[in-house]
Amino acid sequence: MHILVLGGTTEARALAEPLCARGIRVTTSLAGRVAAPRLPRRGEVRVGGFGGAEGLAAWLGDHGVDLLIDATHPFAGTISFNAARAAALAHVPLLALRRPGWAPADGDTWHLTDSLADAARALPALGTRIFLTTGRMGLPAFAHLDELWFLVRSVDPPSPPHPSRMETLLDRGPFTLDGERELLRRHRVDVLVTKDSGGAATAPKLTAAREAGLAVVVVRRPPVPDGVPVAATVDEAVAWVAARA
């Protein structure tokens, strides 16, 4: 059996190991947007796009893929729809591995938006010192907000367009609660902006913001393809594979 995992997440990296331990051939595909991505410890790895849904369908057929698992980031919407289309074209069963989203807790002050553009429109009324954790690809949505100061955390250095008043922090999770508390205090942050990525690796910022009484702008997840079964954990994904082995 050959499984293609569309990766780039912690769950995708973790999934390769138990599948390989079962004697299954696993290829993890990465988009190539991060200069030095974290790689799974087992299985094969490919980097780069497929050329849309039709290109992915052709790759599935050419490489004898039996199952397709979409374990991409919850906000990588295009690839998820391409995966659904490709799986249908190639007649390959598809599973989406999606970590659950975050939920507000008592004491949170969340402002939910449907896009980065909506998040940018909300900021001037909420504060002036913004901790932006939505990734470097989304910075153009905030580039016009010259009156605000931004602390931008990303894995790789951002490229223009981006906010004119900006300090960049190159780092990647997992992050600690003590570290997030200190970061908010040191930079005098009064608003946190995040996507609803879910998971534990970056969740401490939400706790730190709650403790500090900060406003948090949360961008909702984009829609996902209809009719695709979803696993919330690696164990659930392994069970789905086992039922088809």
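Side chains are part of it too, since the values below use all heavy atoms of this structure and drop only hydrogens, waters and symmetry mates.
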message: Has Asp66 got a side-chain atom pairing as donor or acceptor with His2's backbone, closer than 3.5 angstrom?
response: yes
Is there a side-chain contact between [X] and [Y] in this structure, where contact means two heavy atoms from C-beta onward sitting under 4.5 Å apart?
X: Leu67; Y: Met1; result: yes
X: Trp59; Y: Thr27; result: yes
X: Thr202; Y: Phe175; result: yes
X: Asp108; Y: Val216; result: no
X: Thr176; Y: Pro204; result: no
X: Glu182; Y: Asp178; result: no
X: Glu17; Y: Pro40; result: no
X: Lys195; Y: Arg221; result: no

message: How about CZ on Arg85, more than 12 heavy atoms from neighbouring residues, nucleotides or ligands closer than 6.0 Å, or not?
response: no
query: Is the count of non-hydrogen atoms from other residues, nucleotides or ligands lying under 6.0 Å from Arg186 atom CZ greater than 12?
result: yes
Can you name the closest pair of heavy atoms from [X] and [Y] and give their distance?
X: Ala103; Y: Trp110; result: C-CH2, 3.5 Å
X: Ala120; Y: Ala141; result: CB-O, 3.3 Å
X: Pro157; Y: Arg136; result: O-CD, 3.8 Å
X: Ala53; Y: Leu89; result: O-CD1, 4.5 Å
X: Pro74; Y: Ser197; result: CG-O, 3.7 Å
X: Leu94; Y: Ala84; result: CD2-CA, 3.6 Å

Kindly compute the distance separating [atom1] ([X]) from [atom2] ([Y]), expressed to the nearest 0.5 Å.
X: Leu184; Y: Glu211; atom1: CG; atom2: CD; value: 9.5 Å
X: Leu30; Y: Arg46; atom1: CG; atom2: CZ; value: 9.0 Å
X: Ile79; Y: His73; atom1: CD1; atom2: NE2; value: 14.5 Å
X: Leu60; Y: His91; atom1: CG; atom2: NE2; value: 11.5 Å
X: Asp156; Y: Thr168; atom1: CG; atom2: OG1; value: 11.5 Å
X: Lys205; Y: Leu192; atom1: NZ; atom2: CG; value: 6.0 Å

Between side-chain atoms of residues 229-245 and protein atoms elsewhere (two or more places apart, or another chain), which donor-acceptor pairs fall under 3.5 Å?
from   : atom 1 : to     : atom 2 : distance (Å)
Thr233 : OG1    : Glu236 : N      : 3.1
Glu236 : OE1    : Ala232 : N      : 2.8
Arg244 : NH1    : Trp240 : O      : 2.9

Got a list of side-chain donor-acceptor pairs under 3.5 Å for residues 5-14, not counting sequence neighbours?
from  : atom 1 : to    : atom 2 : distance (Å)
Thr9  : OG1    : Ala12 : N      : 3.1
Thr9  : OG1    : Ala71 : O      : 2.7
Thr10 : OG1    : Arg13 : NH2    : 3.2
Glu11 : OE1    : Arg99 : NE     : 3.3
Glu11 : OE1    : Arg99 : NH2    : 3.0
Glu11 : OE2    : Arg99 : NE     : 3.1

query: Salt bridge between Arg220 and Asp114, side-chain N to carboxylate O under 4.0 Å?
result: yes
In one Ile/Leu/Val/Met/Phe/Trp/Tyr side-chain cluster, 4.5 Å: [X], [Y]:
X: Trp102; Y: Val218; answer: yes
X: Val65; Y: Val26; answer: no
X: Ile3; Y: Val47; answer: no
X: Ile24; Y: Leu95; answer: yes

message: Between Glu180 and Arg153, is the salt bridge (Lys or Arg N to Asp or Glu O under 4.0 Å) condition met? List the steps.
response: CA-CA 12 Å; Glu180 299 293 63; Arg153 182 161 66 193; 2.8 Å; yes
- prompt: For Val193, which fellow cluster members are found when Ile, Leu, Val, Met, Phe, Trp and Tyr are connected by side-chain heavy-atom distances below 4.5 angstrom, either directly or through intermediates?
  reply: Phe75, Leu116, Leu123, Leu126, Ile130, Leu132, Leu139, Phe142, Leu145, Leu148, Phe150, Val152, Met166, Val191, Val217, Val219
- request: List the steps, then state whether side chain to side chain contact (heavy atoms under 4.5 Å, CB included) holds for Leu151 with Leu183.
  value: CA-CA 10 Å; Leu151 175 65; Leu183 188 149; 3.3 Å; yes
query: So, Arg98 versus Ser80: side-chain donor-acceptor pair below 3.5 Å or not?
result: yes
